[in-house]
**Student:** 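Here's a structure for you.
Computed from a predicted model, the values in this text were never measured in an experiment. Chain identifiers are assigned alphabetically (A, B, ...) following the order of the sequence lines, protein sequences preceding nucleic acid strands; residue numbering begins at 1 within each chain.
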Number of protein chains: 2
Amino acid sequence: MKITINDVARAAGVSASTVSRVISDSPKISEKTKERVRKVIEELGYHPNAIARSLANQSSKTIGLILNTEAETLVRNPFFIQAMTGISQYAQEQGYNVMFAYNKSEDGDLDIAVRYVNSGSVDGIILFTSRTNDKCIDFLMKSNFPFSVIGRPDHTEGVLWVDNDNFQATYQVTNHLIMKGHKRIAFLGGPRDHNVSRDRFEGYKAAMTVHGYSIDRNLTFLEGSFSEEFGSKCMSEILSAHKNGAELPTAIVTSDDMQALGVLKAMRKMNVSDVAVTGFNNMPVSLYKNESFTSVDVNASQLGFCAAKLLIGRIEGIADLPAHYIVPAEIVEVEPLY
Amino acid sequence: MKITINDVARAAGVSASTVSRVISDSPKISEKTKERVRKVIEELGYHPNAIARSLANQSSKTIGLILNTEAETLVRNPFFIQAMTGISQYAQEQGYNVMFAYNKSEDGDLDIAVRYVNSGSVDGIILFTSRTNDKCIDFLMKSNFPFSVIGRPDHTEGVLWVDNDNFQATYQVTNHLIMKGHKRIAFLGGPRDHNVSRDRFEGYKAAMTVHGYSIDRNLTFLEGSFSEEFGSKCMSEILSAHKNGAELPTAIVTSDDMQALGVLKAMRKMNVSDVAVTGFNNMPVSLYKNESFTSVDVNASQLGFCAAKLLIGRIEGIADLPAHYIVPAEIVEVEPLY
DNA sequence: TCATATTATGCAAGCGATTGCATAAGTATT
DNA sequence: AATACTTATGCAATCGCTTGCATAATATGA
């Protein structure tokens, strides 16, 4: 049978209240009693019951994660698991548990959020932005339930979020290409309803504009998806336009490594290799010797860490909490096998 | 303020016990009352408090995952996140939550297991086998705490586990190569203290032996690690031995896709491409046109699903529960770009 | 109609902690 | 030594739900 606080109390000849106060190191208990009780706790191998504690404290000391990403993405893009490790690390530091629920069904994320909130099994929620999360955000706002978002949401008023400066990152990576002498640079965007898509496009546009380079409508592919297929599709279009006389770009800025991989694959198929490609997430990608690939490491684990920090800050009612964190991204030159 | 069972009871003009019994659909309550109470529940938007429930039921309806894998592996090998989605799916079906904790420190996994067990915050634990898990297993066995293991542990008596038939899988993949005409086949193993390493080696050995092919000591690399480095290192050795006159193998059976990737990279460096390579896990790997790569898809999500099934079965005291599941693995021919 | 069996509901004691308030013990002040 | 003031501890209610047992209500049978 499990040892309870009462067993300890009895063994130490004090009341349960005293034991409770010893555990929380309350200043109202004398050192002498503390010592004695601590010894008994040690001897009996007592450990407070987290659930009873939660009930009494009206706080579960748990945060919930909602993963409603498609399995394919979840599995191939290390972003999520990296973010999860970051979240877990900060949570552990603060004595919080982390729950997650994966669901493939559309709208399932809302169901999970509702369940989390209503059952009281978590004190707060971390969302990964995605097209369907807005419903979640609305719901959580309305419920006045603590949450934070990885990725800048549409409406940021009153929302805690963490993200990279996607404008800046794309600006830099584009600029990086320009410095290398590229002038004709294509762009592949993400889903239209993601802020990240807009920001990355604007960053690309700004860098091009600053240097006085024009943006070729035929080389900008907006409203895409963060997938290999989209990358391949766009590159195929570029290549077939080239067959019909259009000038080939010398570089392509994509919004995701999966896209970039698609682009590279399309190039390989057509035996084209002198186009520099950039992506986001620093996924493991094997490069041919004559390929040039640059990725932006978004520092996913740090994003997770900060999201947890914001959320737990909010839960514990920390004053002057920042409303968001911008996590620095890093440009990574991926080396081909010589 | 949150609505409690008492609010419902009051509003419906019944006692809390009745409401509780309506929720659990007890046959002791008349249909008439059930209807009435349900209506009130609906109207008030009542949702039972999971924590209070847990306390009363002495069960948290939560399972804990211990991830003590190195960050590098966790991130690059989709195995873990896939297994996690499988676990989450079965858990959700059964009304269980899933908690996870990531820790990088050596031995941290034991700490987490101890915390999980003592605090009563989970009803059971799923372990991913790894060299340090034996301590965890010992601890959990001693505590008589429900757990299941992904990967066959050393001592299986009284342990619930799921795994592929690694012997069989490696036998098949080796056989597959032999059928294609390969005779001189190298083997790369995993860490010595993993059962999986032994099984895979035995599978390879058996297939070779059955066909009467000898096993060249210089082509079997045991006591390795599931890493790219190890793969590269072994292949480099093979290649330099070749420079000194040794015959090159025509195929290499590895125990992990990361190893296989290392092998491929070493080959690419040396401009060797006519060696067939096999791996495990069906990781995304980009292939050169003239490379041949076969992977074994271990069906990680199914492994997770089954691990959850065993664990929850154990928690709920299901009779005649199997002690383990063998999940079928599938040989996947990875296509090079066209 | 009354005794008896059956069914539906409520009471109250848990589950294992926390905490405001009351009180006992100890210390200081005069 | 009596009073006032701290300081240390305990009592008992509370958190929200579950469940064994008692009991009230209803149905059955003679």
**Student:** Does a side-chain N or O of Ser17(B) approach OP1 or OP2 of dG10(C) to a distance below 4.0 Å, or not?
**Tutor:**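 Checking Ser17(B) against dG10(C): no side-chain N or O falls below 4.0 Å of OP1 or OP2.
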**Student:** Counting C-beta onward and ignoring hydrogens, is there a side-chain heavy-atom pair between Phe147(B) and Leu160(B) closer than 4.5 Å?
**Tutor:**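 No, side chains not in contact.
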**Student:** Any N/O pairs under 3.5 Å between the protein and nucleotides 14-16 of chain D? List them or say none.
**Tutor:**
residue, atom, partner, partner atom, Å
dC15(D), O3', Gln58(A), OE1, 3.4
dC15(D), O3', Gln58(A), NE2, 3.2
dG16(D), OP1, Gln58(A), NE2, 3.3
dG16(D), N2, Ala52(B), O, 3.3

**Student:** For Ser24(B) and for Val14(A), find the nucleotide of DNA chain D with the closest heavy atom, then tell me which residue's nucleotide is more 5'.
**Tutor:**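 That would be Val14(A).
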**Student:** Please report, rounded to the nearest Å, how far the P atom of dC21(C) is from the CZ atom of Arg21(A).
**Tutor:**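 Distance check: Arg21(A) CZ to dC21(C) P gives 12 Å.
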**Student:** Ignoring hydrogens and angles, state whether a donor on the side chain of Ser88(B) or Gln92(B) is under 3.5 Å from an acceptor on the partner side chain.
**Tutor:**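 On atom types as modelled, these side chains qualify, holding a pair under 3.5 Å.
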**Student:** Verify, without hydrogens or angle tests, whether Asp123(B) (side chain) and Ile63(B) (backbone) share a donor-acceptor contact under 3.5 angstrom.
**Tutor:**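 Looks like no, no N/O pair under 3.5 Å.
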**Student:** Asn164(A) versus Gln302(A): any side-chain heavy-atom pair under 4.5 Å?
**Tutor:**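 Result no, sub-4.5 Å side-chain heavy-atom pair not found.
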**Student:** Please state how far atom NZ in Lys32(A) lies from atom C1' in dT7(D), giving the value in whole angstrom units.
**Tutor:**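 Rounded to whole Å, this separation is 12 Å.
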**Student:** Just how far, in rounded Å, is P of dA8(D) from CG of Asp25(A)?
**Tutor:**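 The answer, rounded to whole Å, is 13 Å.
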**Student:** Can you check whether Leu74(B) reaches Lys104(B) side chain to side chain, under 4.5 Å on heavy atoms?
**Tutor:**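 The answer is no; the side chains never approach within 4.5 Å.
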**Student:** For the residue pair Asp109(A) and Leu127(A), establish whether any side-chain heavy-atom pair is separated by less than 4.5 Å.
**Tutor:**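 No, too far: nothing below the 4.5 Å cut-off.
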**Student:** Look at all strands and tell whether Thr33(B) reaches a base, only sugar-phosphate, or nothing, counting heavy atoms closer than 4.0 Å.
**Tutor:**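 Sugar-phosphate contact only.
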**Student:** Have a look at Val19(A) and say if it touches a base, only the backbone sugar-phosphate, or nothing, with a 4.0 Å heavy-atom cut-off.
**Tutor:**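 If one applies the 4.0 Å heavy-atom cut-off, Val19(A) turns out to touch nothing in the nucleic acid.
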**Student:** Rounding to a whole Å, what distance do you find between Ile23(A):CD1 and dG16(C):P?
**Tutor:**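 To the nearest whole Å, that distance equals 14 Å.
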**Student:** Is the phosphate of dT9(C), meaning OP1 or OP2, less than 4.0 Å from a side-chain N or O of Ser30(B)?
**Tutor:**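 Checking dT9(C) against Ser30(B), a side-chain N or O does come within under 4.0 Å of OP1 or OP2.
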**Student:** dG10(C) base to Arg10(B) side chain: any donor-acceptor pair below 3.5 Å?
**Tutor:**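 There is none.
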**Student:** Establish, with yes or no, whether the OP1 or OP2 oxygen of dC17(D) is under 4.0 angstrom from a side-chain nitrogen or oxygen of Ser20(B).
**Tutor:**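 No, no such contact exists.
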**Student:** Ring-plane angle category for Phe128(A) and Phe80(A), please: parallel below 30°, perpendicular beyond 60°, tilted otherwise.
**Tutor:**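 The arrangement is tilted - the two ring planes meet at 30° to 60°.
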**Student:** Provide, to the nearest angstrom, the distance between the NZ atom belonging to Lys34(B) and the P atom belonging to dA8(C).
**Tutor:**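 Nearest whole value for this atom pair: 9 Å.
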